[in-house]
Amino acid sequence: MSVRVRIAPSPTGYLHVGTARTALFNYLFARHNDGTFILRSDDTDQARSTDEFKQDILDHMRWLGLEWDEGIEVGGPHGSYRQSDRYDRYREVAMQLVESGDAYFSFVTSEQLDDFKKKAREAGTSPAYDGSLEPARSEVPRAMLDNGGPVIRFKVPRPGTTRFTDMVRGEVEFDHAQVDDFVIMRSDNTPTYHLASTVDDVDYGITHVIRGEDILSSTPKHILLAKAMGAEPAEYAHLSLLMGPDGKKLSKRHGDTAMSAYRDAGHLPEALVNYLGLLGWSPGEDETVVDLATMIARFDGTGISKNPAIFDATKLEWMNGVYIREMDAAEFAETSRPWVEADLGRSLTDDERSTLEALMPLIQERTKLLSEVPDQARFLFEAPTEYDDKAWSKVMATDEGPVALDGAVEALNGVDDWSTEAIDAALRGMLEEHELSARKGFQPIRVALTGTTVSPPLFESIEVLGRDETLSRIAVARARLA
RNA sequence: GCCCCCAUCGUCCAGCGGCCUAGGACUCCGCCCUUUCAAGGCGGCAACGGGGAUUCGAAUUCCCCUGGGGGCACCA
């Protein structure tokens with residue numbers, strides 16, 4: 001049977017990095033097995049679901065390259081892939097389960113339930129509701145009135161046990177004494193997650209459910225439900241959760257949990273995919289930088305780590321730098337340009353584009369995040385309007401500052417062939433003439449041109465800037481020095 | 001409180017009874033390269049949570065403890 005997996009986010013928030021990782025694992029498993037990757041929207045929580053969240057999830061899934069074969073927007077043989085469009089189906093299943101005796105209308109009040117759980121806790125027994133509080137049939141109408149309507153609960157067989165083999169945890173066993181007679185239909189006649197999710201998994205022919213460990217203990221419910229529907233339960237794989245730097249569940253307080261934040265910070269999707277893929281999974285060898293194709297080739301469902309993984313933003317950044325350096329120069333220039341233009345607040349002219357491209361390889365190797373490009377490239381398009389205070393006092397307002405600037409003007413005026421090599425030779429000649437160290441002699445020029453002591457290599461920058469602009473900026477700085 | 005899962009450097013992984021004086025990567029610290037900053041090269045710090053048991057031999061198997069995580073909703 002061909003593999004069918006799904007990612008089923010709830011549009012109640014932006015695409016979370018943890019969800020993205022789960023999606024990636026599903027995607028890898030599908031591709032590895034020539035299976036089908038499905039994206040479905042679990043939007044039964046109408047109150048908290050929004051179109052904006054849904055769109056954010058879709059956008060970032062695509063941005064990461066996690067294209068789905070069936071599901072939202074791309075369609076497939078199972079309708080809209082939105083749970084909110086399938087309420088009739090869930091009701092149908094719920095009624096069938098009531099008829100077959102696998103589920104029942106429940107009239108317990110929340111007060112009764114609270115009391116039940118409280119007593120269980122005091123007694124040290126299982127707090128799982130076992131249906132024992134249901135009123136006698138003759139009392140139902142009144143209770144129903146008090147209650148605002150019944151819910152439908154699944155009747156968990158007791159005593160009993162559900163065992164299954166989890167692809168990452170191995171044999172797992174749950175005593176039904178620990179499993180609630182859980183609600184499958186709310187009193188407002190809408191389905192709960194357990195019902196909707198399981199019905200969809202069954203109807204869509206999902207073969208492997210790869211999801212977060214947070215639902216491991218709900219798995220018996222889903223298996224019981226599937227069996228009651230007469231279906232063969234899927235295989236399950238429960239991934240350990242992503243943690244923040246303090247070992248607690250990754251949350252906004254640790255930094256960014258929304259995928260969009262990483263995109264906005266200038267991460268490359270390839271780097272994110274690589275990093276997320278190796279967070280809790282090993283491709284087999286001591287490898288760290290692994291491309292998608294390799295991951296797909298190796299991802300057979302084994303080698304998935306059982307322990308929680310801490311999300312290390314620093315390592316992600318390092319990896320992003322690796323991917324940036326691996327890009328070819330033209331591609332990097334193209335990818336970076338929007339960042340530069342956003343910073344400038346305007347589009348680049350054709351000439352400026354050439355200028356940018358000329359210096360790009362040098363910028364590329366000192367960039368970890370795309371968002372760092374504007375700081376490095378700005379001097380190409382705008383003369384410094386101010387100078388970094390420390391830079392000015394440290395290298396400019398010194399004995400050597402004026403000497404270096406004056407020397408540079410003279411040396412540069414003598415350059416006929418405006419090339420990096422000629423500029424290099426001329427400025428080094430200037431160094432000798434004035435007996436300046438490279439540091440003393442070159443840093444003032446750098447500050448004059450860029451406003452700071454940190455910038456791309458000097459000679460190339462001068463070449464790209466052009467003679468007029470270079471001399472003009474030096475003159476401005478020199479005047480300020482006088 | 002009850003149930004479940006987990007446990008190797010600070011972090012992510014490798015290790016599946018002898019190849020382990022425990023390997024790789026990030027971080028950090030040196031050194032080299034160097035006009036700044038990076039990148040790169042070389043080197044270094046750093047771990048099998050504790051206790052039993054099995055075995056000729058355990059990071060690797062079993063048990064207990066401890067620690068961490070998750071769940072216990074008419075949320076997903």
Side-chain angles (χ1 to χ4, degrees), chain A residues 8-10 12-13 42-45 47-49 106 110 113 117-118 120-129 148-153 166 168-170 172-175 177-180 182-188 190-194 196-197 212-220 238 240-241 243 245 247-249 275 278-289 303 305-312 314-319 321 325 362-368 372 376 391 395 424 427-428 431 437-443 445-447 450 452-459:
Chain A
S10 291
T12 54
D42 279 16
D43 58 350
T44 52
D45 186 351
R48 294 193 297 146
S49 296
S106 169
S110 51
L113 238 29
K117 294 191 188 268
K118 194 177 145 212
R121 179 174 287 231
E122 282 164 3
T125 57
S126 168
Y129 177 56
V151 298
I152 298 179
R153 287 179 188 277
D166 189 279
V168 349
R169 320 249 149 215
V172 183
E173 175 181 319
F174 288 90
D175 188 329
Q178 300 301 141
V179 184
D180 266 303
F182 56 101
V183 174
I184 59 176
M185 272 294 195
R186 303 185 188 110
S187 54
D188 67 357
T190 61
T192 62
Y193 158 74
H194 296 117
S197 177
E213 191 191 2
D214 52 338
I215 17 197
L216 179 61
S217 46
S218 291
T219 304
H238 288 91
S240 56
L241 268 20
M243 299 294 161
K248 303 283 183 210
K249 195 167 178 175
Y275 180 71
L278 267 63
L279 241 200
W281 174 65
S282 165
E285 284 151 56
D286 283 339
E287 291 178 285
T288 306
V289 179
S305 173
K306 297 179 198 171
N307 34 355
I310 290 176
F311 186 90
D312 182 357
T314 306
K315 187 163 184 177
L316 203 212
E317 277 191 25
W318 162 79
M319 189 171 278
R325 272 173 257 126
L362 264 19
I363 292 177
Q364 182 172 2
E365 62 183 83
R366 48 211 95 210
T367 301
K368 283 205 298 240
E372 297 165 350
Q376 301 179 75
V395 312
D424 185 329
L427 289 178
R428 284 190 196 282
L431 241 42
S437 66
R439 187 183 220 94
K440 294 282 188 188
F442 292 156
Q443 282 299 76
I445 305 174
R446 185 187 305 281
V447 172
T450 69
T452 81
T453 51
V454 177
S455 81
L458 192 57
F459 308 138

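Here the structure is a predicted model, which means the values were calculated and not measured. In what follows, every heavy atom counts, from backbone to side chain, and hydrogens, waters and symmetry copies are set aside.
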N/O (side chain, A:Asn307) to phosphate O (OP1/OP2, B:C12) under 4.0 Å
no
Determine whether the side chains of A:Thr190 and A:Arg186 contain a donor N or O and an acceptor N or O closer than 3.5 Å.
yes
Minimum-distance nucleotide to A:Gln178 side chain [options: B:C2, B:A7, B:G71]:
B:C2
Applying a 4.0 Å non-hydrogen cut-off, can you work out what A:Ile215 is touching in the nucleic acid: base, sugar-phosphate, or nothing?
base
The reported gap from NZ in A:Lys368 to CZ in A:Arg325 (rounded to nearest 0.5 angstrom) is 8.5 Å
When you compare B:C64 with B:C5, how far apart are their P atoms, in angstrom units rounded to a whole number?
12 Å
Could you tell me which nucleotide pairs with B:A47 by Watson-Crick or G-U wobble geometry, both distances under 3.5 Å, or answer none if nothing does?
none
Which nucleotide wins on minimum distance to the side chain of A:Ser218, given the candidates B:C72, B:A76, B:A14?
B:A76
With sugar-phosphate meaning primed atoms plus P, OP1 and OP2, does A:Ala128 contact a base, only sugar-phosphate, or nothing at under 4.0 Å between heavy atoms?
nothing
Using OP1 and OP2 only, check whether a side-chain N or O of A:Lys117 sits under 4.0 Å from B:A73.
yes
Which part of the nucleic acid, if any, lies within reach of A:Pro127 when heavy atoms closer than 4.0 Å are counted: base, sugar-phosphate only, or nothing?
base
Against the side chain of A:Ser282, the closest entry in B:G70, B:G69, B:C13 is B:C13
Would you call A:Glu213 and A:Arg169 a salt bridge, using N to O less than 4.0 angstrom?
yes
Is a donor-acceptor pair below 3.5 Å formed from side chain A:Asp214 to base B:G71, judging by atom type as modelled?
no
Please determine, for B:U21, whether a Watson-Crick or G-U wobble partner exists with both distances under 3.5 Å, and give it or none.
none
In whole Å, what separates the C1' atom of B:G10 from that of B:C37?
27 Å
So A:Asp312 and A:Tyr275, do their side chains get closer than 4.5 Å, heavy atoms only?
yes
Base, sugar-phosphate, or nothing: which does A:Thr44 touch, judged by heavy atoms less than 4.0 Å apart?
sugar-phosphate
As a test of reading the structure: which of B:C3, B:C5, B:C2 is closest to the side chain of A:Phe174, going by heavy atoms?
B:C3
Those residues at least two apart in sequence (or on a different chain) that pass salt bridge (charged side-chain N to carboxylate O under 4.0 Å, His left out) with A:Asp424 are A:Arg428
Partner lookup for B:C72, please. Criteria are Watson-Crick or G-U wobble with both distances under 3.5 angstrom; report none if nothing qualifies.
B:G1
Under 4.0 Å between any heavy atoms, over every strand shown, what does A:Met243 touch: base, sugar-phosphate, or nothing? Just pick one.
sugar-phosphate
When the P atoms of B:U21 and B:A47 are compared, how many Å lie between them, rounded to an integer?
15 Å
Quick check on B:C12: is either OP1 or OP2 less than 4.0 Å from any side-chain nitrogen or oxygen of A:Ser305?
no
Side chain proximity check, A:Thr453 to A:Val447, heavy atoms < 4.5 angstrom
yes
Out of B:G71, B:G40, B:C75, which nucleotide sits closest to the side chain of A:Arg325?
B:G40
Of the options B:C72, B:G71, B:C75, whose atoms approach the side-chain atoms of A:Ser217 most closely?
B:G71
Under-4.0 Å salt bridge between A:Asp180 and A:Lys117
yes
Point-to-point distance, once rounded to the nearest 0.5 Å, from OH of A:Tyr129 to OG of A:Ser106
4.5 Å
Gap in Å between the two C1' atoms, one belonging to B:G15 and one to B:C9, rounded
14 Å
Give one of base, sugar-phosphate or nothing for A:Lys440, where a contact means two heavy atoms less than 4.0 Å apart.
nothing
Spell out yes or no: do the side chain of A:Ser187 and the base of B:C74 have one donor N/O and one acceptor N/O closer than 3.5 Å?
yes
On a whole-Å scale, what distance lies between the P atoms belonging to B:G70 and B:C16?
31 Å
Scan nucleotides 27-36 of chain B nucleotide by nucleotide, 5' to 3', and note B when protein non-hydrogen atoms come under 4.0 Å of the base, S if they reach only the sugar-phosphate, - if neither.
S-------BB
Residue A:Thr288, side-chain atoms from C-beta onward, closest of B:C5, B:A25, B:A76
B:A25
Assigned partner base of B:U34, Watson-Crick or wobble definition, under 3.5 Å
none
Tell me what A:Gly280 touches on the nucleic acid: a base, only sugar-phosphate, or nothing, going by heavy atoms under 4.0 Å.
sugar-phosphate
Can you tell me, in whole Å, how much space there is between the P of B:G69 and that of B:C12?
13 Å
At 4.0 Å (heavy atoms only), tell me whether A:Glu317 reaches a base, stays on the sugar-phosphate, or touches nothing.
nothing
Checking the side chain of A:Thr44 only, and the main-chain atoms of A:Thr192 only, is there a donor and an acceptor separated by less than 3.5 Å?
no
Within the structure shown, what part of the strands sits under 4.0 Å from A:His194 by heavy-atom distance: base, sugar-phosphate, or nothing?
base
